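Note sheet for the following structure.
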Amino acid sequence: MPASPSAAEPVTDRVAQADTMLCADRQFGDSAAIGERNLARFRLGLTMLARHDGEAADVLRTTAAAADEHLRPLLYDPVLRNCFEVDLARLESGGLGHSSFGAYVSGYVPASAADAPTSTGPCEALIRPHRSAWPGLGGAWVLTEPTPHGSSQEMLAGRLMELYRGALGDSRAAAPVDPADSVRAVLREGAELLATLLPAAGAGVLRHVTMVGFTHRESEEGPLQSMSGGDPLPSTVLLAPERCTSPWLAAESLLHEGAHLKLFDALRTGSVVRNATERVPIPWRIGSWTVIRVFVALHFYVHLLVFRAAAAAAGQAVRERFGPPPSVEDLDEPSPGTPAARSGQYRTSAERARYLAECVLSLPEQALTENGHRFARWLLTALRLVDDDAPRPHDRAAAATRRAEPWQLPEHPSGGVLQRITPVDACALPGLGQLVVSPTRSARMHWLNARSWTVYSLCDGRDLGSVRTAYARAVDLPADSDEVNRQVSDSVRRLVAADLITHDM
């Protein structure tokens, strides 16, 4: 178990701070901001797909123009989200052909955005009777075997079950379990417990879940306990019915898988590592993990330790309503033959979180993007609030954030003119200070922060000196300051490298 927080500060205060912090970061913690960025990515992605698939262009553009409240159920629908991600990957690799998203959405989008459908998602409409997973805490619904009506729904139902079996890794898997009323009652109580203990982070992860399914699966690693869908079955949590034998077990399962889904959404709009194949040894598992998997695991363990600290500090009202929390942690045994199996280490969540935190801190600065350094600092600060023995973020992290991106980008001469590439597709998020933009000749999206967005807007045929002067005026800094020179130069290097502007001599 984690070390006790400092006696100078009550545990409830430390937990409350950690709960708030886990939702405070606009890039990785704030669910509303994460959702806003994903909607922008969705609109821009559909516009990009429409340029490359003339047959589905009308329905793709109509969908992209829909209001947020009508677009959101489509973005978080398991089948449509899967199709969207597959289409984007094919577009980037040059092998799109026809949009699978266009084929599946055509039965659900009207001829004009003004006549957009209700807030019920297409897959949700297949399930009868409809059962809400946790009323009042979000729109998640419980999966049972679909009952389609009409050819469009039959095609959708077939794809949903195909994705369900694919996520389980078993093409012959049985249909989802229709849960008993008692199981659904505990599921709801688990969600309510999670939101009660962690009113910010707990309630926040629930909003990233669209569909909850119950299933049985046996594998070489034993029976399935819980899993999140990720790319194969987006916005989905699958549980063994046995995970709903107590609200505490259900709450921990929902936190685990919901945190993964939240991070999945956050990472769609901001990478954290430069080398996706770089690996780190994991002493409790055979083989090694990629750096991104280390981040995913650390993200979960930090949430779990905050949850357990909150459980230990739970008041009498919580215990009377949901029962007492488990007295000991259910230890996860290391894989046989690993260093941890031989030494007896790394069996608790705290031990594993500390190890993963040290792995992150030992990475060279250039291994992470600016977002990656921000992500690491944010997670480790939250971890320290509930575990005094966790490693401290190194001082170098702040300096790395200030100069994380420009490595290995070439310098550009001061002469010549800077000009934006045209035409482009773009979606602005002024409230977040971000612009997502894609040249129409490309199949890639680029996320610009407020600084790069400002520089980008000024690249209209001016020379570098004129851009610096205008930028200094826009951000209210001295035109000849080193800070203006650095900010403009760094942004220009990024923009040229992304093929968003040209620098012609």
Side-chain angles (χ1 to χ4, degrees), residues 27 33 36-54 56-68 71 75 84-85 87-96 99 101-102 113 267-271 369-371 405-406 409-410 412 416-464 466-468 470-471 474-475 487-505:
Q27 186 70 33
E36 186 177 349
R37 283 193 298 274
N38 272 279
L39 280 172
R41 176 176 177 266
F42 194 37
R43 291 185 192 280
L44 185 59
L46 292 174
T47 302
M48 293 163 62
L49 293 173
R51 288 186 178 273
H52 292 81
D53 185 353
D58 287 346
V59 71
L60 291 170
R61 290 195 179 99
T62 299
T63 305
D68 285 358
L71 198 62
L75 170 61
F84 175 72
E85 300 297 349
D87 282 352
L88 283 189
R90 288 175 176 167
L91 180 62
E92 190 167 342
S93 67
L96 173 64
S99 164
F101 181 94
L267 293 179
R268 282 299 180 194
T269 61
S271 62
T369 65
E370 182 177 350
N371 275 332
E405 291 292 347
L409 294 179
H412 290 278
V417 297
L418 300 167
Q419 183 66 57
R420 292 189 298 273
I421 297 291
T422 57
V424 297
D425 295 315
C427 190
L429 296 89
L432 298 178
Q434 288 185 295
L435 177 75
V436 56
V437 59
S438 174
T440 57
R441 68 189 186 190
S442 170
R444 299 193 61 187
M445 298 184 197
H446 302 278
W447 289 84
L448 307 185
N449 59 22
R451 180 184 303 165
S452 293
W453 185 0
T454 301
V455 173
Y456 175 68
S457 70
L458 297 171
C459 294
D460 54 4
R462 309 181 204 211
D463 60 30
L464 187 58
S466 299
V467 169
R468 286 196 186 106
Y471 177 83
V475 299
Q487 291 181 16
V488 172
S489 296
D490 288 355
S491 295
V492 167
R493 287 199 294 272
R494 293 191 191 100
L495 293 167
V496 171
D499 199 25
L500 292 177
I501 66 172
T502 59
H503 191 177
D504 298 324
M505 299 300 294

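If you read the sequence from its start, that first residue is 1, and numbering goes on from there. All of these numbers come straight from a predicted model, not from anything done at the bench.
When all heavy atoms are compared, the tightest approach of R61 to A50 is CG-CB, 3.7 Å. Contact detail for L71 and L39: the closest heavy-atom pair is CD2-CD2, 4.0 Å. Scanning both residues, L418 and I501, for their nearest heavy atoms gives CD2-CD1, 4.2 Å. Across every non-hydrogen atom of G270 and N371, the tightest pair is CA-ND2, 3.7 Å. Nearest heavy atom pair, residue S452 against residue R494, reads OG-NH1, 3.9 Å. Summarising the geometry of A474 relative to T454, their closest heavy-atom pair is CB-CG2, 4.1 Å, with the distance given to 0.1 Å.
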>> Run the side chain to side chain contact (heavy atoms under 4.5 Å, CB included) test on L88 and M445 for me, step by step, so that the C-alpha distance in whole Å, both residues' side-chain angles and the decisive distance to 0.1 Å come before the verdict.
In response: CA-CA 10 Å; L88 283 189; M445 298 184 197; 4.1 Å; yes
> Going through the distances and angles, do L448 and L495 end up as a side chain to side chain contact (heavy atoms under 4.5 Å, CB included)?
Replying inline: CA-CA 9 Å; L448 307 185; L495 293 167; 3.8 Å; yes
>> Could you walk me through whether L49 and F84 satisfy the side chain to side chain contact (heavy atoms under 4.5 Å, CB included) test, starting with their C-alpha distance in whole Å, then the side-chain angles of each, then the deciding distance to 0.1 Å, before giving a yes or no?
In response: CA-CA 9 Å; L49 293 173; F84 175 72; 4.3 Å; yes
>> Is there a side chain to side chain contact (heavy atoms under 4.5 Å, CB included) between E36 and D68? Walk through the geometry before answering.
In response: CA-CA 9 Å; E36 186 177 349; D68 285 358; over 6 Å; no
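Of the possible polar contacts, none joining the R420 side chain to the L500 backbone as a donor-acceptor pair under 3.5 Å is found. Side chain of R37 to backbone of Q27: a donor-acceptor contact under 3.5 angstrom is found. Using modelled atom types, no side-chain atom of R90 and backbone atom of G95 make a donor-acceptor pair closer than 3.5 Å. A side-chain donor-acceptor contact under 3.5 Å links T62 to the backbone of D58.
Here the CZ atom belonging to R41 is positioned 8.0 Å from the OG1 atom belonging to T269, to the nearest 0.5 angstrom. Interatomic distance, CG of L458 versus CG of D460, reported as 7.0 Å (0.5 Å rounding). Summarising the geometry, atom CG belonging to L464 is positioned 6.0 Å from atom OG belonging to S489; distances are rounded to the nearest 0.5 Å. Atom CG of L96 and atom CE of M48 lie 10.5 Å apart (nearest 0.5 Å). Distance check: S99 OG to L60 CG gives 4.5 Å after rounding to the nearest 0.5 Å. Rounding to the nearest 0.5 angstrom, the gap separating the NE2 atom in H503 from the CG atom in D463 is 8.5 Å.
Using a 4.0 Å cut-off between a side-chain N of Lys or Arg and a carboxylate O of Asp or Glu, D499 and R444 do not qualify as a salt bridge.
Taking F101 as the reference, F42 meet the ring pair (Phe, Tyr, Trp, His ring centres under 6.0 Å) condition, with sequence neighbours excluded.
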Distance-only donor-acceptor hits, side chain of residues 422-436, under 3.5 Å, sequence neighbours excluded:
{"residue": "D425", "atom": "OD1", "partner": "R51", "partner atom": "NE", "Å": "3.4"}
{"residue": "D425", "atom": "OD1", "partner": "R51", "partner atom": "NH2", "Å": "3.1"}
{"residue": "D425", "atom": "OD2", "partner": "R51", "partner atom": "NE", "Å": "2.9"}

